[in-house]
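Report on one structure; see the data block that follows.
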Amino acid sequence: MKNQSVSSNIDWMIVSIYIVMVILGWLNIYSSSLPEVETSIFDLSQEYGKQLLIIALTIPLIIIVLSIDSKFYEKFSFVIYIIGVLAIAGLFVFGKEVKGQTNWYSFGSFGLQPSEFAKAATSLALAKYLSDVQVNLKNLNHQIIALGLIFLPILFIVPHDPGSALIYTILIFVLHREGLPSSYLWIGLFTIIIFVLSLVMNSIYIVILTFLILVFIYYRSRIADRNLVISIVTLAMVTTFSYSTSYVFDNVLKQHHRDRFNILLGKKVDDKGVGYNVNQSKIAIGSGGLFGKGYLEGTQTKGGFVPEQHTDYIFTTVGEEWGFFGSLLVIGLYLALFFRIIYLSERQKTKFSRIYGYSVASILFVHFFVNIAMVLGIFPTIGVPLPFFSYGGSGLWGFTILLFIFLKMDANKVNEW
């Protein structure tokens with residue numbers, strides 16, 4: 001069978017959505033970083049000029065990713081993964097501190113954030129391991145290895161950038177798609193509930209509530225289903241986790257992290273301090289109304305009321321200048337992208353490509369969801385960029401590599417047996 005070219009088989013729907021998103025992203029970066037005295041769009045002293053250069057450099061990057069044989073990504077997935085983890089670990093020695101976080105390598109005026117590139121590396125390694133015919137996620141040893149591949153980079157990222165570390169946990173849903181027992185998701189949900197409750201009430205009340213629930217379940221169950229040991233272990237774990245959460249929150253987390261959680265939970269109001277960004281973000285989005293104020297006409301944007309608006313808060317520009325319907329259009333583009341990736345993933349002829357596709361969709365989705373929830377004030381501010389919209393080279397290049405590796409795999413499926 002004669003190999004067909006990438007260009008004839010690449011999914012142009014995804015490519016088109018990608019191009020539109022990058023263009024719209026740049027237009028919003030231009031609006032949010034435009035100085036009072038307009039200069040050339042190529043002015044590298046301005047964020048929009050730098051982003052234009054970043055976008056231009058993305059073109060050869062895409063060509064390189066698509067020119068590499070798709071089998072290379074599978075064959076060397078663990079090598080790529082090891083390089084990615086080592087790059088993150090190297091931040092402890094060679095990292096540069098930016099705004100209190102040491103998550104960048106500095107090369108003069110240029111910086112790279114390795115955690116953005118390690119997402120593709122982790123996805124490749126996970127897909128390679130899970131595609132092994134001998135791997136069965138019903139097996140505890142295989143579960144531990146798969147979870148270890150996800151949590152190893154997290155261990156190195158958490159000290160530098162807890163927000164980016166959170167993104168990696170979404171890959172657990174990929175494991176669930178491939179057979180991981182649902183009990184892991186329920187445990188995760190239960191853990192989140194206990195975590196939140198530990199922040200809003202005294203731990204002793206959580207322990208008492210858990211005890212009463214377990215007693216109720218125990219006596220409502222059939223005698224054959226009763227297991228006192230499991231009930232005792234559950235109570236002990238909840239007690240330990242609740243008290244440890246309170247201790248970590250009060251003694252380990254930095255003050256600005258505690259403030260963000262307290263503001264989100266309504267325990268603290270600080271619209272002029274830590275809560276200033278979120279408050280101004282909500283004002284900007286709300287002021288856009290149904291149709292927006294018009295491109296380059298956003299008063300909150302022009303006044304610079306939302307700090308770092310061109311990066312993590314770029315969606316506030318969309319909300320203010322394009323309004324509710326413009327925001328729906330952007331959200332619709334993202335949803336179209338996610339569903340298209342999932343659709344193509346299910347059509348893959350190899351398990352490796354399918355798992356990688358689901359990893360891509362999961363990572364892009366959690367970035368999209370957390371970022372927009374963050375600017376709307378329903379999620380803590382954790383510094384997660386909006387894919388293809390937020391300013392920055394590492395983010396755009398990392399997402400581009402992640403996406404176009406999958407497009408290369410999908411384009412090559414016609415040559416798979």
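When a residue number appears, it is its place in the shown sequence, counting from 1. From a predicted model like this one, the values you see are computed outputs, not experimental measurements.
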Here the pair of heavy atoms bringing Ser33 nearest to Gln46 is O-OE1, 3.7 Å
Rounded to the nearest 0.5 Å, how far does CZ of Arg347 lie from CG of Asp11? 8.5 Å
Does a donor on one side chain and an acceptor on the other come within less than 3.5 Å for Asn412 and Ser70? yes
Can you see which heavy atom on Thr400 is nearest to which on Leu396, and at what distance? OG1-O, 2.6 Å
Could you check whether the rings of Phe241 and Phe195 sit parallel, tilted or perpendicular, using 30° and 60° as the cut-offs? tilted
Flag side-chain contact, heavy atom, 4.5 Å: Leu149 against Thr122: no
How long is the gap from CD on Glu321 to CD1 on Ile285, to the nearest 0.5 Å? 12.5 Å
Just say parallel, tilted or perpendicular for the rings of Phe92 and Phe156, cut-offs at 30° and 60°. perpendicular
Ile41 and Trp26: CA distance, side-chain angles, deciding distance, side chain to side chain contact (heavy atoms under 4.5 Å, CB included) verdict: CA-CA 11 Å; Ile41 62 173; Trp26 183 84; 4.0 Å; yes
Between Leu180 and His176 the two heavy atoms that sit nearest each other are O-ND1, 3.2 Å
Mark yes or no for whether Ser394, through its side chain, and Gln113, through its backbone, hold a donor-acceptor pair below 3.5 Å. yes
Verdict with supporting geometry, Phe315 and Asn28, side chain to side chain contact (heavy atoms under 4.5 Å, CB included): CA-CA 8 Å; Phe315 192 73; Asn28 281 277; over 6 Å; no
Run Tyr334 and Leu386 through side chain to side chain contact (heavy atoms under 4.5 Å, CB included) and show every step you take. CA-CA 10 Å; Tyr334 277 105; Leu386 187 61; 3.3 Å; yes
Side-chain heavy atoms of Ser198 within contact of Ile206, under 4.5 Å: yes
Quick one: closest heavy-atom pair of Ser362 and Val174, and the distance? OG-CG2, 3.6 Å
Counting N and O atoms only, with roles assigned by atom type, does the side chain of Ser77 sit under 3.5 Å from a partner on the main chain of Ala125, one being a donor and the other an acceptor? no
Say whether, by atom type as modelled, one donor and one acceptor occur between the side chain of Lys96 and the main chain of Trp104 under 3.5 angstrom. no
Using 0.5 Å steps for rounding, measure from the CD1 atom of Ile401 to the CD1 atom of Ile405. 6.5 Å
Member of Phe389, Tyr391, Tyr48 meeting the ring-ring contact (aromatic ring centres under 6.0 Å, His included) criterion with His310: Tyr391
So which atom in Val375 and which in Lys282 form the shortest heavy-atom distance, rounded to 0.1 Å? O-CG, 4.0 Å
Do the side-chain N and O atoms of Ser353 and Thr350 include a donor-acceptor pair separated by under 3.5 angstrom? yes
Could you verify whether a donor N or O on one side chain and an acceptor N or O on the other, from Gln300 and Ser287, lie under 3.5 Å apart? no
Counting C-beta onward and ignoring hydrogens, is there a side-chain heavy-atom pair between Phe173 and Tyr358 closer than 4.5 Å? no
Keeping the roles fixed (side chain from Lys351, backbone from Asp132), state whether a donor-acceptor pair exists under 3.5 Å. no
After noting the C-alpha distance and the side-chain angles of Thr210 and Thr239, does the key distance pass the side chain to side chain contact (heavy atoms under 4.5 Å, CB included) rule? CA-CA 9 Å; Thr210 304; Thr239 302; over 6 Å; no
Side chains of Gln309 and Thr301: do they bring a donor and an acceptor to under 3.5 Å? yes
Assign the ring pair Phe368 / Phe365 to parallel, tilted or perpendicular, where the plane angle (0 to 90°) is split at 30° and 60°. tilted
May I ask you to check whether over 12 heavy atoms, not counting those of Tyr343, lie within 6.0 Å of atom OH? no
Gap between atom NE2 of His142 and atom CG of Leu137 - 0.5 Å precision: 8.5 Å
Is atom CZ of Phe324 surrounded by more than 12 heavy atoms (other residues, nucleotides or ligands) closer than 6.0 Å? no
Is the shortest distance from a Lys or Arg side-chain nitrogen in Arg177 or Glu346 to a carboxylate oxygen in the other one below 4.0 Å? yes
Separation between CD1 of Ile88 and CD1 of Ile157, rounded to the nearest 0.5 Å: 4.0 Å
Taking the side chain as everything from C-beta on, heavy atoms only, tell me whether Leu402 gets closer than 4.5 Å to Ser123. yes
Using a strict 4.0 Å threshold on nitrogen-to-oxygen distance, state whether Lys293 and Glu320 make a salt bridge. yes
When you measure from the side chain of Tyr295 to the backbone of Leu27, do you find a donor-acceptor pair of N or O atoms at a distance under 3.5 Å? yes
Apply the ring-ring contact (aromatic ring centres under 6.0 Å, His included) test between Phe76 and each candidate in Phe72, Tyr73, Phe78; give the one that qualifies. Phe72
Non-neighbouring partners of Phe94 that pass side-chain contact (heavy atoms from CB on, under 4.5 Å), sequence neighbours left out: Tyr105
Could you tell me if the side chain of Pro181 sits less than 4.5 Å from the side chain of Gln143, heavy atoms only? yes
So, for Ile54 and Gly393, which heavy atoms are closest and what is the spacing to 0.1 Å? CD1-N, 3.4 Å
Please identify which of these residues, Asn371, Leu364, Ile363, meets the side-chain contact (heavy atoms from CB on, under 4.5 Å) condition with His367. Ile363
Determine whether Ile331 and Ile372 make a side-chain contact, defined as any pair of heavy atoms from C-beta on separated by less than 4.5 Å. yes
Taking the six-membered ring for Trp, are Phe190 and Trp186 ring centroids under 6.0 Å apart? no
Taking the side chain as everything from C-beta on, heavy atoms only, tell me whether Ile187 gets closer than 4.5 Å to Tyr184. no
Within the 3.5 Å criterion, strictly below it, is a donor on Ser327 or Trp322 matched to an acceptor on the partner's side chain? no
Taking the side chain as everything from C-beta on, heavy atoms only, tell me whether Leu24 gets closer than 4.5 Å to Leu333. yes
Please report the interatomic distance CE(Met21) to OG(Ser16), rounded to the nearest 0.5 Å. 12.0 Å
